Novice: 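Dumping the structure here so I can ask a few things about it.
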Amino acid sequence: MTRTVQTSSGRRTLRRGAAAVGAVALLALGAGPATAADPIPEVALGRLDLIKGIKPGSSFEVPVTLTNTGIEALDKIYLSYSVTRGLSHTELPSNCSLYAVPSHDEEPGKSDAVCAFDQPLKPGAVYAPERPLTLKATDHALYDRLRVVVRTDFMGSDENASAPVRGTGAAVKLVERPDDIPATGGRGGWDAADTTVTADNTADFQVSGAEMKGAVGDTVDLKVTFTNTGPGWVLRDLGTSATDLLIDLPPGTTVTKANGYCAKKAAGSYTCGTSQSWVDEGGSETYTFKVRMDKKVDGAKGSAALAGAARPFDKAPSNDKATITLTVTGDDSGPGSALPRASTVAVAVAVVVVAGLAVGTVLLTWRRRLRVSTKR
C-alpha cells in the first residue's frame, strides 16, 4: 500500500507493507497464498463511532462488525487493530499477533494487532469477534487514533515494525450477527474504518523565556523553549503543528538568522511551529535565533506566547507566555554603533582644543626666543 504526503522538502511516497516481518507472521498464522482459481472476494466493515471520555488506566472494548459483500463464501479473514501510543493492547488471543511500530515518516509510534480467522463466512452475512478486542488507555492518553482494517488476504504490519509477538489468550472466532444490518461499500478484498479516542486527561503546555545580554553591535543567541509537561501527549492531524509559538523580539534588536521552524510575521515578530504533528509528554522544542543588538533601549522587552489551535486540555494558561529580556552592557558606542554618544564627541573636541592651544603656546615661545637671540 502506498500514499503520498507533503513535507518541507516536497512530496514523497511512503510504502507500507508486510515486508520480511509480515512473511514471518504469515507462516505463524498459517496463511496460504491465493490461487488464480479463487473468486474475487468482497468485504466491508461496519461503522466505528467516536470514543470519548475514557479514563487513563481504564480498558474499553472495540465493537467491530464485518460483512461478506461478495457472492462467494470466504474461508479466511484478517482483522487488524492499529492504535497510537496513548493506547495499548491488552491480552491478545492466540490467533492474533502484536507488532510495535516506532515513529517515522512524520507519523507517531503505534502498535498493530493482526488477527486471523480461519473459518467460512457466508455471503451477505454480518460477523463480529465473539469476544471484542479490548484496548487500554495509558496514563498519557489524550487524543489517539484507532484504525481497523479487514482483508481477505494476509496483512502484516508496517515495514518498520518489530517482529510479531503471538497472543497467549484463548483463540477467538467470528460469530454471525443475523440482526445487524449488513455493511455496504468496501474496497474489494479489503476495507478500513477510522475513529478517534479521546481520554479524560490534561496536558500542560509551557513557554520558557530568555535573557539576551551583550554590547551594542554584538550578535547573540536567543533560545526560547516550549515544553509539554504532560501528563497527556498531544496528537494533531498529520501535517498540522502541535501548537504555534509567537515570538516578539525586544526593540533595539535585529534577527540575523531565524529558526528553521519559524516564519517572519512582521519586523521583529515570528510565528513558530513544531517539528512534528504531535508532542510527547515531557517533550519540548527549542527555537534558536541569532540576534544583533543594535542599540540600547531602556526597559526593552520581548515575549514568547503560545498561539494556534485551541488547547482545552491545558488547565494552566498562566505559563503560556514568557518574557524575553534585553541587557546591554557598557554604553552604546561599541562595535557597529552608528553614532558615538554626545559626551564622547564633547570629550574628543575638548582634547583637540587643548592640544591645539598647547602647540600654539610652544610655537609662540619659540619665536620670541628666536627674536631675542637674533638681536644679540
Side-chain angles (χ1 to χ4, degrees), residues 1 3 16 29 31 34 38-55 58-84 87 89-98 110-137 141 143-157 167 169-200 237:
M1 182 169 64
R3 67 185 181 88
R16 301 293 165 87
L29 294 174
D38 289 338
I40 298 175
E42 298 285 340
V43 68
L45 279 173
R47 177 181 174 180
L48 281 179
D49 292 327
L50 300 178
I51 302 173
K52 299 179 179 180
I54 302 299
K55 299 291 184 182
S58 66
S59 298
F60 59 97
E61 295 182 344
V62 181
V64 172
T65 61
L66 60 97
T67 303
N68 177 2
T69 55
I71 60 174
E72 298 283 347
L74 298 172
D75 58 6
K76 195 159 192 171
I77 205 80
Y78 299 89
L79 276 175
S80 169
Y81 302 80
S82 178
V83 295
T84 49
L87 305 174
H89 294 277
T90 57
E91 183 184 35
L92 291 178
S94 59
N95 57 318
C96 301
S97 292
L98 182 65
K110 62 179 181 177
S111 60
D112 296 341
V114 180
C115 302
F117 298 93
D118 192 356
Q119 63 182 86
L121 281 73
K122 297 184 297 185
V126 180
Y127 293 87
E130 59 181 342
R131 294 195 309 274
L133 183 137
T134 59
L135 299 173
K136 182 178 180 180
Y143 298 150
D144 282 277
R145 297 176 190 153
L146 164 64
R147 179 176 177 85
V148 177
V149 178
V150 60
R151 294 187 70 97
T152 57
D153 58 352
F154 174 74
M155 72 179 86
S157 181
V172 170
K173 64 180 181 178
L174 298 175
V175 293
E176 193 171 349
R177 302 280 292 267
D179 295 333
D180 286 14
I181 299 175
T184 58
R187 314 176 199 194
W190 73 284
D191 197 12
D194 298 272
T195 192
T196 58
V197 180
T198 305
D200 185 11
D237 291 336

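All values below were derived from every heavy atom in this structure, side-chain atoms included, with hydrogens, water molecules and symmetry-related copies excluded. Everything numeric here is computed off the predicted structure, so don't read it as measured data.
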Novice: Which atom names give the shortest non-hydrogen contact between Glu61 and Pro132, and what distance separates them?
Specialist: OE1-CG, 3.7 Å

Novice: Indicate yes or no: at least one non-hydrogen side-chain atom of Val175 is less than 4.5 angstrom from one of Tyr127.
Specialist: no

Novice: CG/Leu87 to CD1/Ile54 distance, rounded to the nearest 0.5 angstrom?
Specialist: 9.0 Å

Novice: Taking Thr67 for its side chain and Pro182 for its backbone only, find out whether a donor-acceptor pair lies under 3.5 Å.
Specialist: no

Novice: Taking the side chain as every heavy atom from C-beta outward, state whether Ser111 and Val83 have any atom pair closer than 4.5 Å.
Specialist: yes

Novice: When rounded to the nearest 0.5 angstrom, what distance separates CG in Asp118 from CG in Leu174?
Specialist: 10.5 Å

Novice: Pick one: which of Val150, Val148, Val114 meets side-chain contact (heavy atoms from CB on, under 4.5 Å) with Ser80?
Specialist: Val114

Novice: Do you know the tightest heavy-atom contact between Pro129 and Tyr81?
Specialist: CG-OH, 3.7 Å

Novice: State, to 0.1 Å, how close Ala193 and Gly46 come at their nearest heavy-atom pair, and which atoms those are.
Specialist: CB-O, 4.1 Å

Novice: Checking the side chain of Tyr78 only, and the main-chain atoms of Val149 only, is there a donor and an acceptor separated by less than 3.5 Å?
Specialist: no

Novice: Could you state the interatomic distance from OG1 (Thr90) to CG (Leu133), rounded to the nearest 0.5 Å?
Specialist: 6.0 Å

Novice: For residues Ser82 and Lys110, report the shortest heavy-atom separation together with the two atoms involved.
Specialist: OG-CD, 3.4 Å

Novice: Is a donor on one side and an acceptor on the other found under 3.5 Å between the side chain of Arg131 and the backbone of Ala170?
Specialist: yes

Novice: Can you find a pair of side-chain heavy atoms, one from Val197 and one from Leu135, that are under 4.5 Å apart?
Specialist: no

Novice: Compute whether any side-chain donor of one residue and acceptor of the other, for Ser59 and Thr134, lie under 3.5 angstrom apart.
Specialist: no

Novice: Which distance, rounded to the nearest 0.5 Å, do you find between the CG of Asp191 and the CZ of Arg151?
Specialist: 11.0 Å

Novice: Identify the two heavy atoms, one from Ala44 and one from Thr69, that lie closest to each other, and give their separation to 0.1 Å.
Specialist: CB-CG2, 3.9 Å

Novice: Using modelled atom types only, decide if a donor and an acceptor are shared between the side chain of Glu130 and the backbone of Lys173 within a distance under 3.5 Å.
Specialist: yes

Novice: Is the shortest heavy-atom distance from the side chain of Thr196 to the side chain of Tyr143 under 4.5 Å?
Specialist: no

Novice: Any donor-acceptor pair under 3.5 Å linking the side chain of Thr84 with the backbone of Arg145?
Specialist: yes

Novice: When you measure from the side chain of Asn68 to the backbone N and O of Ala125, does any donor-acceptor pair fall under 3.5 Å?
Specialist: no

Novice: What distance do Leu45 atom CG and Thr65 atom OG1 have between them, rounded to the nearest 0.5 Å?
Specialist: 7.5 Å

Novice: Please report the closest heavy-atom contact between Pro123 and Gly70, naming both atoms and the distance.
Specialist: CB-O, 3.2 Å

Novice: Is the closest side-chain heavy-atom distance between Phe154 and Lys76 below 4.5 Å?
Specialist: no

Novice: How long is the straight-line distance from CG of Leu50 back to CG of Asp194, given to the nearest 0.5 Å?
Specialist: 11.5 Å

Novice: Are any side-chain N or O atoms of Thr152 and backbone N or O atoms of Gly189, one a donor and one an acceptor, separated by less than 3.5 Å?
Specialist: yes

